[in-house]
Amino acid sequence: MSSDVGQPIRVLYVLGSLRPGGIETWLMNLLRLKDPRWEIDFFLSDPSRDQGAYYNEALALGAKIYHELPISRFRKRAAMIGLCRLPTRLREVLASCRYDVVHAHGEEFLGDLMSTVHQAGVPIRIAHCHSNVLARGKGGLEMVIRGIRHRTLDRHRLKRHATHMLACSREAGILLVGSAWDSDWRCA
């Protein structure tokens, strides 16, 4: 990893968009510091071009912004219930740019994301959960299936590939990795 004297530490933040919210405001405040020890870029999973009030400011401050490719509703639903993996532009971004840290915000599919980041050779891989429910508590059969997928496959991948797992509360941590939240040294 880069040092204070040499090259800046390159961090890629993965989140939905740069629309104003708590996470986005915090990240923009970090970017506004213009600390020469850090180089901050963004990978936005929302493929829409309405990326929010912070988007142009982030570009003006020197951040590179990458976008996930749009996918069909069918493919997205199939991935949500575990029938396939979502295609991601993240693989090509990580193949063309070297990052020291990837810090992903979310609660679902973080295991898939950490697996991709690990395969790309990124040394520090942070999964950060801000919620204690999946999909804002939506119900129905699809959510039951997604919950099972999250508690099994996604948690397994998180524990295998993330170097750090963060949460905004103990409840969010338990959603992220279950009972391992209280015993895994990588959790905070």
Side-chain angles (χ1 to χ4, degrees), residues 1-71 85-131 154 157-168 172-173 176-177 184-188:
M1 187 162 341
S2 305
S3 69
D4 290 336
V5 179
Q7 295 294 316
I9 295 170
R10 297 195 67 210
V11 182
L12 181 66
Y13 285 101
V14 180
L15 61 155
S17 73
L18 286 175
R19 293 181 196 96
I23 301 165
E24 297 81 3
T25 300
W26 176 72
L27 292 172
M28 287 305 296
N29 286 334
L30 286 178
L31 189 58
R32 289 176 188 130
L33 289 174
K34 297 182 181 180
D35 188 326
R37 296 174 296 175
W38 301 92
E39 185 177 305
I40 296 173
D41 295 330
F42 299 99
F43 184 88
L44 306 178
S45 61
D46 181 349
S48 74
R49 293 299 173 205
D50 173 25
Q51 289 300 327
Y54 293 144
Y55 188 86
N56 289 331
E57 182 184 0
L59 287 172
L61 289 168
K64 293 180 185 80
I65 302 176
Y66 306 98
H67 298 270
E68 184 58 88
L69 301 172
I71 60 167
R85 280 197 180 188
L86 288 173
T88 179
R89 183 163 180 248
L90 184 60
R91 283 183 191 89
E92 65 185 62
V93 169
L94 295 173
S96 65
C97 303
R98 183 198 57 78
Y99 285 97
D100 301 301
V101 179
V102 172
H103 187 151
H105 296 269
E107 62 273 342
E108 198 170 6
F109 298 106
L110 287 176
D112 291 348
L113 193 141
M114 289 294 119
S115 174
T116 298
V117 174
H118 188 196
Q119 289 170 8
V122 177
I124 298 175
R125 304 171 299 277
I126 304 168
H128 197 156
C129 184
H130 296 264
S131 179
D154 209 40
R157 287 181 178 152
L158 266 172
K159 292 181 225 175
R160 184 169 182 202
H161 299 290
T163 60
H164 301 77
M165 294 173 278
L166 307 176
C168 291
L176 187 65
V177 291
D184 192 315
W185 64 269
R186 298 171 295 167
C187 297

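In terms of the side-chain contact (heavy atoms from CB on, under 4.5 Å) criterion, residue partners of A104 (sequence neighbours excluded) are, by chain and number, V14, L110, L113, M114. Every residue meeting the side-chain contact (heavy atoms from CB on, under 4.5 Å) condition with E57, not counting sequence neighbours, appears here in chain and number order: M28, R32, Y54, L61. With sequence neighbours left out, Y13 forms a ring pair (Phe, Tyr, Trp, His ring centres under 6.0 Å) with H103. With sequence neighbours excluded, the residues forming a side-chain hydrogen bond (donor to acceptor under 3.5 Å, both in side chains) with D184 are R186, listed by chain and number. In this structure, the side-chain contact (heavy atoms from CB on, under 4.5 Å) partners of A63, at least two apart in sequence or on a different chain, are L31, D41, F42, A58. Taking the side-chain contact (heavy atoms from CB on, under 4.5 Å) definition, one finds that L33 meets it with L30, sequence neighbours left out. Remark: E24 engages no residue in a side-chain hydrogen bond (donor to acceptor under 3.5 Å, both in side chains) (not counting sequence neighbours).
Between the side chain of T25 and the backbone N or O of G21, at least one donor-acceptor pair lies under 3.5 Å. No donor-acceptor pair closer than 3.5 Å links the side chain of E39 to the backbone N or O of V11. A distance-only check finds a donor-acceptor pair linking the side chain of D154 to the backbone of F109 [under 3.5 Å]. Looking only at distances, a side-chain donor or acceptor of R10 sits under 3.5 Å from a matching main-chain atom of R98.
Residue pairs satisfying the salt bridge (Lys or Arg N to Asp or Glu O under 4.0 Å) criterion with at least one member in residues 121-131, sequence neighbours excluded, are absent.
Listed here is the closest heavy atom pair of I9 and D100: CA-OD2, 3.4 Å. Contact between P123 and T163 at its shortest, heavy atoms only, is O-CG2, 3.5 Å. Annotation for C129 and L176: closest pair CB-CD1, 3.9 Å, computed over non-hydrogen atoms. What you find for P36 and P8 is that their closest heavy atoms are O-CB, 3.4 Å.
Partner of D112 under the salt bridge (charged side-chain N to carboxylate O under 4.0 Å, His left out) criterion, chosen from R91, R160, R157: R157.
Two residues are said to be in side-chain contact when any heavy atoms from C-beta on lie closer than 4.5 Å; I126 and V101 meet this criterion. No side-chain heavy atom of I40 sits less than 4.5 Å from a side-chain heavy atom of L27. With a 4.5 Å cut-off on side-chain heavy atoms, V122 and L94 count as touching. Y66 is listed as a side-chain neighbour of C97, based on a closest heavy-atom distance under 4.5 Å. H164 has its side chain out of reach of C187: every pair of non-hydrogen atoms, C-beta onward, lies at least 4.5 Å apart. Contact annotation: the side chain of V102 never approaches that of L90 to less than 4.5 Å [non-hydrogen atoms, C-beta and beyond].
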Evaluate the criterion side chain to side chain contact (heavy atoms under 4.5 Å, CB included) for residue pair F43 and H67; output intermediate values, then yes/no.
CA-CA 6 Å; F43 184 88; H67 298 270; over 6 Å; no
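Residue S131 holds its OG atom at 4.5 Å from CD of E107, rounded to the nearest 0.5 Å.
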